[in-house]
Amino acid sequence: MIGLLRRLWRGARSAPVLGRLIDGADRLWWMRVIGGSGLMDAEFYRAQRGWRRGGRLRATLDYVWSGFRAGISPNPLFDEHTAGVALPDLGRVPALYAYLLSDRATVAVHPWWDSAAYADAHGARGGALEHAWSNRESAVIPVRIGDGSQALRVTEWRRLAIESLATDRAGDAEAAENLVVRMLQGGDAAAAQKIAGALSVAGDSTGVRLVCIAPSPSTWLTTALAARLCGRHDRVAAVRLPSSTSLHAVARAVAADAAEGAVLMTDTRADLVAAQYRGLLATGAGALVAPVSLESDGTVAAVGASVVETADGPRICRMLRDHPSEDLAGFGERIVDVPLITGRTFAAPAALVRGFAGARAPHAFETEHLSLRARRSGVPVRVDTGIVVGCFSARNAWPETAGELPDEWAEASGPPSPAAELYRVAGFEVEGWNASGPWEARPRLRRSRPAQRWAIKTCAPAGPAGQVWGDTHFAQGLASALRRLGHEVVVDAFPAAARPTAYLDDVHVVIRGPFRIAPPQTGVRIEWIISHPDEITRTEIAQFDLAFAVSPGWAQRVSAEWGIDVQPLLEATDADLFFPRGRARGSDVVFVGTARGIPRPSVVAPLDAGIDVKVYGPDWRGFIPAEAIAAPSIPNRDLSERYETARVVLNDHWPAMRREGFMAMRPFDAVAAGGRVISESVPLLQEVFEGAVVEYESPEQLVELLSGDVDALFPADSELREISTRVREHHSFDARASVLDAAVGKLTNSAR
């Protein structure tokens, strides 16, 4: 009922007249709650807006109407981006409002001070922010940035914050032998993590410049305070630049700080770890070197670039662009010479960067232009294929370039065919080049390896965000099993489902979750439906050559109704990851999964009954007490042990899945690990898992089961181990891969 009311309320917001009234009422309520908290710092807010006048009322009004979306924070101890990420309704409501309505003592309100430690030290269960602010004349907060920690009075912190807002450079760092230029931008919610990563390499021989391009006030403050307060402050400075900044301008801003070693510049979106910073700096002292970057969809941005001849004249080929990252495997971890690098993460000798800073930009291909300067100076141009950097966060600060290729770039073709040779190493033969727009070329490729190539497509996002999706781990488990059958396998996240290089794949397996994925026009097309059966149509299934569903009953019914053969194929487990490790069973009741935007009864009902449930998953704030949230996520590699050591693992289903007999993946993993499961009833649970899964029909029955003798519900541990063995044997991804492989073989043989 609560979930229905939430949906109706949110739907009313989109109505033309009613929506405006609700929006206005929301903001008045936000003002009342925020104004009553006493946390709005008018002077601090004015400094962010650049106002000369204005008190708390004006600041609060501006904050709730537009300021929070512009990344303006209401209090120097409260960072809008940091707090917002941890709270529900991110971007829809002011973070301070969401904070005031949450379990405040457990919310991280700023990346650089440990509010949880402060709350524990002062017994501030009502919130560290309120306690520190109300006692700001005497309160001291613990600050930790990089490898340095210190205690700072709130009044001093506030003074530094206001001063930082008035300047475009924070910190007065000395030059160092090597220089890391960590570029940041806008309202990047991952700015603090990127700053911390760069600071991890700051030291006696390496300086760090944190360059913010058109930052929000929140991002600039996070950056400026890091430069002023980190333990390596004599090697760290922050610089703020306008939105029109070019790469040349960034180089000019830091050129004077570069000594005679290497300068490493990073794309605003790039996420690097300390080893990657150090590896690029080591190579960059004697060469212009770039890592391999992955685009936001998880595909390769480029392994360098080369000028090639097309029927329409010379064009730049960004080599391996739009290929899945698995196509990098042929390189191993090696450094390859290329005619040009592309992208804005690279390391180079400081002298080359200083010369680049003083040059006029003749065109917008700035990194490629730097490559030409390097070649003319005798500096090698290289790509380190052992360093793969994801660009999954924030938008691209520099949009793709339009325009024609300058004549001078003919020299960038290098040896007779460097691009063709690089594709050969990756496992492809170039049959020709096609112009793609006024400056880009794309190759016509064929595979040079005999193995059949399978592409598994999922509904999960790319990068770290996708690692909390079961669809991602489902695809990875299936991919490993198919490789053991001798196939070449790549995995596509949802944004890459229609990548232009899909014509190279022989078999496409769409793992149908919450979103529809259209199959490519070539190869064998398979759809394996694992959830959301209520959204599947005959038209969708008819696009595929083979269709499977995890519900035998649903598969039989739609086959008869639609006249399309849908074969049953149950969920599976990755037997390489999920197996008993001999760990002792504990007393925890465990649930792993997201809130789905609703108070899921399988979690809320036991908690309301006083039963302790340890919940692992995001988006639970606002639905359950903070102390019930064990962690916002749990690595997939740790799940097997968590399931094995739990007293019991809880499982439920989407209503449509339960109605249509779609079994969830969690019982397969938990039982394979030697765990015990209490699950919402669905057909075949008992047949597949025997006594290792106990079913319930309602939240009330679940509470009753958990309130009794749980051990008496399940077989002895010796029998559970036998059940685990049978599940791993009959319901592994290896077993499912064999079914898919046989079906493809039968289909292709019949087509000959």
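Side chains included, hydrogens not; waters and symmetry mates left out as well; all remaining heavy atoms used.
- Checking side-chain atoms of T501 against main-chain N and O of D322 turns up a donor-acceptor pair under 3.5 Å.
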R444 vs E431, test: salt bridge (charged side-chain N to carboxylate O under 4.0 Å, His left out). Steps then yes/no. CA-CA 5 Å; R444 299 191 303 276; E431 297 182 327; 5.6 Å; no
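- Taking 4.5 Å as the limit, every side-chain heavy atom of V381 sits out of range of all side-chain heavy atoms of L340.
- The shortest side-chain heavy-atom distance between N651 and V693 does not fall under the 4.5 Å cut-off.
- Put simply, the side chain of S679 reaches to within 4.5 Å of the side chain of L685, judged on heavy atoms.
- Expressed to the nearest 0.5 Å, how far OG of S640 lies from CG of L577 amounts to 7.5 Å.
- For the residue pair I517 and F544, the shortest heavy atom distance occurs at O-CZ, 3.7 Å.
- Of all heavy-atom pairs spanning A673 and S724, the tightest one is N-OG, 4.4 Å.
- Judged purely by atom type and a 3.5 angstrom limit, R736 uses its side chain to pair as donor or acceptor with the backbone of E571.
- To the nearest 0.5 Å, the span separating CG on L546 from CG on L747 amounts to 5.0 Å.
- In this structure, the side chains of S293 and D267 stay at 4.5 Å or more apart for every pair of heavy atoms.
- Between the side chain of T385 and the backbone N or O of R334 there is at least one donor-acceptor pair closer than 3.5 Å.
- With hydrogens and angles disregarded, no donor-acceptor distance shorter than 3.5 Å links the side chain of R728 to the backbone of R726.
- Between P443 and M319, every side-chain heavy-atom pair lies at or beyond the 4.5 Å cut-off.
- If you take CG on L482 and CZ on F733, they are separated by 10.0 Å, rounding to the nearest 0.5 Å.
- Judged by distance alone, with hydrogens and angles left aside, the side-chain atoms of S306 form no donor-acceptor pair with the main-chain N or O of C317 at under 3.5 Å.
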Intermediate values then yes/no, salt bridge (charged side-chain N to carboxylate O under 4.0 Å, His left out), E368 and R318 | CA-CA 11 Å; E368 292 87 343; R318 292 181 175 174; 3.3 Å; yes
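- For the pair V566/W554, a side-chain contact is recorded, criterion being any heavy-atom separation below 4.5 Å from C-beta on.
- Across every non-hydrogen atom of P291 and T345, the tightest pair is CD-O, 3.2 Å.
- Side chain to side chain, D297 and T299 meet the donor-acceptor criterion of an N or O pair below 3.5 Å.
- Around atom CD of E535, more than 12 heavy atoms belonging to other residues, nucleotides or ligands sit under 6.0 Å away.
- The side chain to side chain donor-acceptor pair (under 3.5 Å) contacts involving residues 518-534 comprise R525-D545, where partners must be two or more places apart or lie in separate chains.
- The backbone N or O of Q467 sits nowhere less than 3.5 Å from a side-chain atom of T472 that would complete a donor-acceptor pair.
- Side-chain atoms of R483 come within 3.5 Å of backbone N or O of V489 as a donor-acceptor pair.
- Looking only at side-chain heavy atoms (C-beta outward), F662 and I529 come within less than 4.5 Å of each other.
- Heavy atoms from other residues, nucleotides or ligands lying under 6.0 Å from CD of Q556 number 12 at most.
- For the residue pair Y643 and A670, the shortest heavy atom distance occurs at CD1-CA, 3.5 Å.
- No donor-acceptor pair under 3.5 Å is formed between the side chain of T458 and the backbone N or O of D471.
- A donor-acceptor contact shorter than 3.5 Å is absent between the side chain of T268 and the backbone of M183.
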- List the steps and the verdict of side-chain contact (heavy atoms from CB on, under 4.5 Å) for V550 and M663. CA-CA 7 Å; V550 301; M663 202 181 300; 5.7 Å; no
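- Judged by distance alone, the side chains of T266 and R182 do bring a donor and an acceptor atom under 3.5 Å apart.
- The aromatic rings of H323 and Y423 sit tilted relative to each other, their planes meeting at an angle between 30° and 60°.
- No hydrogens or angles considered: nothing links the side chains of R315 and S436 as a donor-acceptor pair under 3.5 Å.
- With rounding to the nearest 0.5 angstrom, the CG atom of D337 is 5.0 Å from the CZ atom of R382.
- When atom types are taken as modelled, the side chain of S551 and the backbone of E660 share a donor-acceptor pair closer than 3.5 angstrom.
- The line from CZ of F474 to CD1 of I530 is 5.0 Å long, rounded to the nearest 0.5 Å.
- Annotation: side chain of K457 is not in contact with side chain of P519 (no heavy-atom distance under 4.5 Å).
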request  = Run the numbers on V383 and V292 for side-chain contact (heavy atoms from CB on, under 4.5 Å), then give the verdict.
outcome  = CA-CA 7 Å; V383 171; V292 178; 3.9 Å; yes
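- Nearest approach of W433 to A419, heavy atoms of both residues: CH2-CB, 3.6 Å.
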Practice problem: Check the pair I564 / R538 against side-chain contact (heavy atoms from CB on, under 4.5 Å), numbers first and verdict last. | Solution: CA-CA 8 Å; I564 297 178; R538 185 188 188 283; 3.7 Å; yes
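- Residues passing the side-chain hydrogen bond (donor to acceptor under 3.5 Å, both in side chains) test with D576, sequence neighbours excluded: R484.
- Within the cation-pi definition used here (under 6.0 Å to the ring centroid, within 45° of the axis), R666 does not qualify as a partner of F668.
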Test salt bridge (charged side-chain N to carboxylate O under 4.0 Å, His left out) on R453 and D506; report intermediate values, then the result.
CA-CA 5 Å; R453 182 173 165 108; D506 297 309; over 6 Å; no
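- Side-chain contact, H473 with D669: no donor N or O sits under 3.5 Å from an acceptor N or O.
- The pair E295-R269 counts as a salt bridge, with a side-chain nitrogen and a carboxylate oxygen less than 4.0 angstrom apart.
- Here the closest heavy-atom approach between residue S559 and residue A555 is recorded as OG-O, 2.6 Å.
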**Prompt:** What do the steps show when you test L740 against L478 for side-chain contact (heavy atoms from CB on, under 4.5 Å), and what is the final call?
**Reply:** CA-CA 10 Å; L740 295 175; L478 178 60; 4.1 Å; yes
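- Note that CG of L288 is 7.0 Å distant from CZ of F346, once rounded to the nearest 0.5 Å.
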